[in-house]
Amino acid sequence: MRLYPEKLAADLERRLHPVYLISGDETLLVQECADQVRAAARREGCSERVVIDAGDRSFHWRELLDGAGNMSLFGERRLLELRLPSGKPGKEGSEALLAYLEQAADDVLLIVAGKIDRASSNSKWYKAIDGAGVTMQIWPVSGDELPQWLARRAASRGLRIDSEALGLLAERVEGNLLAAAQELEKLALISEGEAINTQAVGAAVANSARFSLFNMIDVALAGRDRDSLRMLHGLRAEGSQPAALLWAIVRELELLRGLAVAVEQGRPPSRAMAEARVWQSRQAAIGAALDRHGSDSCTQLLDLAADLDASIKGFGRGNPWEIMELLMLGIARRGIVSLPV
């Protein structure tokens, strides 16, 4: 069955399933959910933990089946932990996973995987795990969701923190949940039960934001122009190169233009996004961009991206970073932003 992370603890209280697949690229949340399964397995008598790393160069899928076939030294239940960084087992791995499930061993299998794409989530092996146990896909916490996430986590640790302080904390740690968790632990230690305000956050919290390229694009698509520029400046300060950012921006603009054409032809935005296989977690941001942009404005923005490409390569006019700022503003705002003469 498919389970949301916030429901995992309650489900583990009821029973321990024979197999768990926890996937995603939000390292902190994946690790915490896996820790909950490990703790539940220990409570249920899994006294031995066997780790199998599919990312190791010497790994062979036979190890999984051999591990399942080998009895524990004392005949006790075990937790078999399979690490699958790529999120894709391939043909041989798919067959091994299906064979493992058919054995119906008394052990518990925990698969900790990287992000699972849409094709893999529709595969036979994934559906078999979903039918035999639990599948859980963990999505990144967006900038809009981060203050609420921080508030819940702070409350769970007995911290009292006002809304302005939460906003400042969210800005400082945006895109890095591990840093967010660490900063909350630090605040818990120094607050000594007192309410936390912006001054306390400003004094204690390092500027540890990880300005993710894809987060920046989603923020711009959502219409948050100032935040998108702040994240662009952060990427620049971290040493990112304009050419490395441009390909992802162009890809999103081409997707947006295709969706705009479909909407102009009469398709509802939700249907157009479903046909384009836009992830559910991104539909709000892209839907907001479709409210602002049609195919013409997307074409104009792609023309501006071409100017940026020329500037990066040295045969176009203008400063690449300044043109990229115009491009991000053009995505985030209603209307067309052109390169100044």
Side-chain angles (χ1 to χ4, degrees), residues 1-44 46 79 81-89 97 101 108-157 159 166 170 173-181 184 212 214-215 218-219 222 270 273-274 277-287:
M1 67 176 183
R2 302 194 181 191
L3 198 64
Y4 291 104
E6 58 270 21
K7 303 291 185 182
L8 177 60
D11 188 74
L12 287 168
E13 289 291 331
R14 289 190 291 269
R15 62 168 174 158
L16 184 65
H17 296 271
V19 58
Y20 290 83
L21 170 59
I22 300 173
S23 63
D25 50 14
E26 195 64 78
T27 305
L28 174 69
L29 300 184
V30 170
Q31 181 66 36
E32 289 183 342
C33 288
D35 284 343
Q36 290 183 59
V37 175
R38 295 179 187 118
R42 287 193 297 270
R43 290 195 303 267
E44 293 295 321
C46 294
L79 175 67
E81 184 170 325
L82 173 64
R83 297 175 181 172
L84 187 62
S86 69
K88 295 182 177 181
L97 287 167
L101 295 174
V108 175
L109 175 62
L110 168 62
I111 305 170
V112 180
K115 184 177 178 181
I116 302 287
D117 60 24
R118 185 180 296 271
S120 295
S121 66
N122 289 322
S123 65
K124 188 176 180 180
W125 68 269
Y126 188 97
K127 291 180 178 179
I129 293 172
D130 192 57
V134 168
T135 56
M136 181 183 302
Q137 295 197 43
I138 296 177
W139 305 103
V141 177
S142 70
D144 288 338
E145 297 167 336
L146 185 57
Q148 290 76 23
W149 184 88
L150 289 168
R152 290 193 299 271
R153 197 172 183 96
S156 72
R157 282 151 180 74
L159 286 172
L166 276 174
V173 300
E174 185 169 355
N176 192 339
L177 292 192
L178 180 59
L184 283 175
S212 160
F214 296 103
N215 285 347
D218 280 352
V219 163
S270 58
M273 286 188 283
R277 295 186 175 182
V278 175
W279 288 101
Q280 184 70 34
S281 60
R282 302 192 65 226
Q283 288 186 11
I286 293 178

How long is the span from the NZ atom in K7 to the CE atom in M136, to the nearest 0.5 Å? 11.5 Å

Can you give me the closest heavy-atom contact between L166 and A151, atom names plus distance? CD1-CB, 3.7 Å

Could you walk me through whether I111 and L97 satisfy the side chain to side chain contact (heavy atoms under 4.5 Å, CB included) test, starting with their C-alpha distance in whole Å, then the side-chain angles of each, then the deciding distance to 0.1 Å, before giving a yes or no? CA-CA 10 Å; I111 305 170; L97 287 167; 3.9 Å; yes

Between G24 and V30, the two heavy atoms sitting closest are O-CG2, 3.7 Å

Which pair of non-hydrogen atoms, one from A132 and one from P18, has the smallest distance, and what is that distance? O-CG, 3.3 Å

Is there a side-chain contact between L109 and L82, using heavy atoms and a 4.5 Å cut-off? yes

Supply the atom-to-atom distance D130 CG to W125 CH2, rounded to the nearest 0.5 angstrom. 11.0 Å

Side-chain donor/acceptor of D25 to backbone N/O of P140, under 3.5 Å: no

So, do M1 and D11 sit near enough that their side-chain heavy atoms are less than 4.5 Å apart? yes

Do E26 and E32 touch side chain to side chain, with heavy atoms closer than 4.5 Å? no

Testing the basics here: between K115 and W139, what is the closest heavy-atom pair and its distance to 0.1 Å? CE-CZ3, 4.4 Å

When rounded to the nearest 0.5 Å, the distance separating OH of Y126 from CD of Q137 is 4.0 Å

Rounded to the nearest 0.5 Å, what separates atom CD in E44 from atom CG in L16? 5.5 Å

Would you say the side chain of T27 lies within less than 4.5 Å of the side chain of L177, judging by non-hydrogen atoms? no

Shortest non-hydrogen contact from A34 to V112? CB-CG2, 4.1 Å

Show the nearest heavy-atom pair for residues G87 and A113, with the distance to one decimal. CA-CB, 4.2 Å

Does a side-chain heavy-atom distance below 4.5 Å link K88 with D117? yes

Backbone N/O of S270 and side chain of Q283: donor-acceptor pair under 3.5 Å: no

Which value, rounded to the nearest 0.5 Å, describes the distance between Q36 atom CD and L12 atom CG? 6.5 Å

Going through the checks in order, is the side chain to side chain contact (heavy atoms under 4.5 Å, CB included) test met by R43 and E13? CA-CA 10 Å; R43 290 195 303 267; E13 289 291 331; 4.3 Å; yes

Just so I know, are the side chains of E81 and R38 near enough to count as touching, which here means a heavy-atom distance under 4.5 Å? yes

Is D218 close to S142 at the side-chain level, that is, under 4.5 Å between some pair of heavy atoms? no

Any side-chain heavy-atom pair from I116 and T135 closer than 4.5 angstrom? no

Any chance you could measure H17, atom NE2, to I129, atom CD1, to the nearest 0.5 Å? 13.5 Å

Around atom CZ of R118, are there more than 12 heavy atoms of other residues, nucleotides or ligands at under 6.0 Å? yes

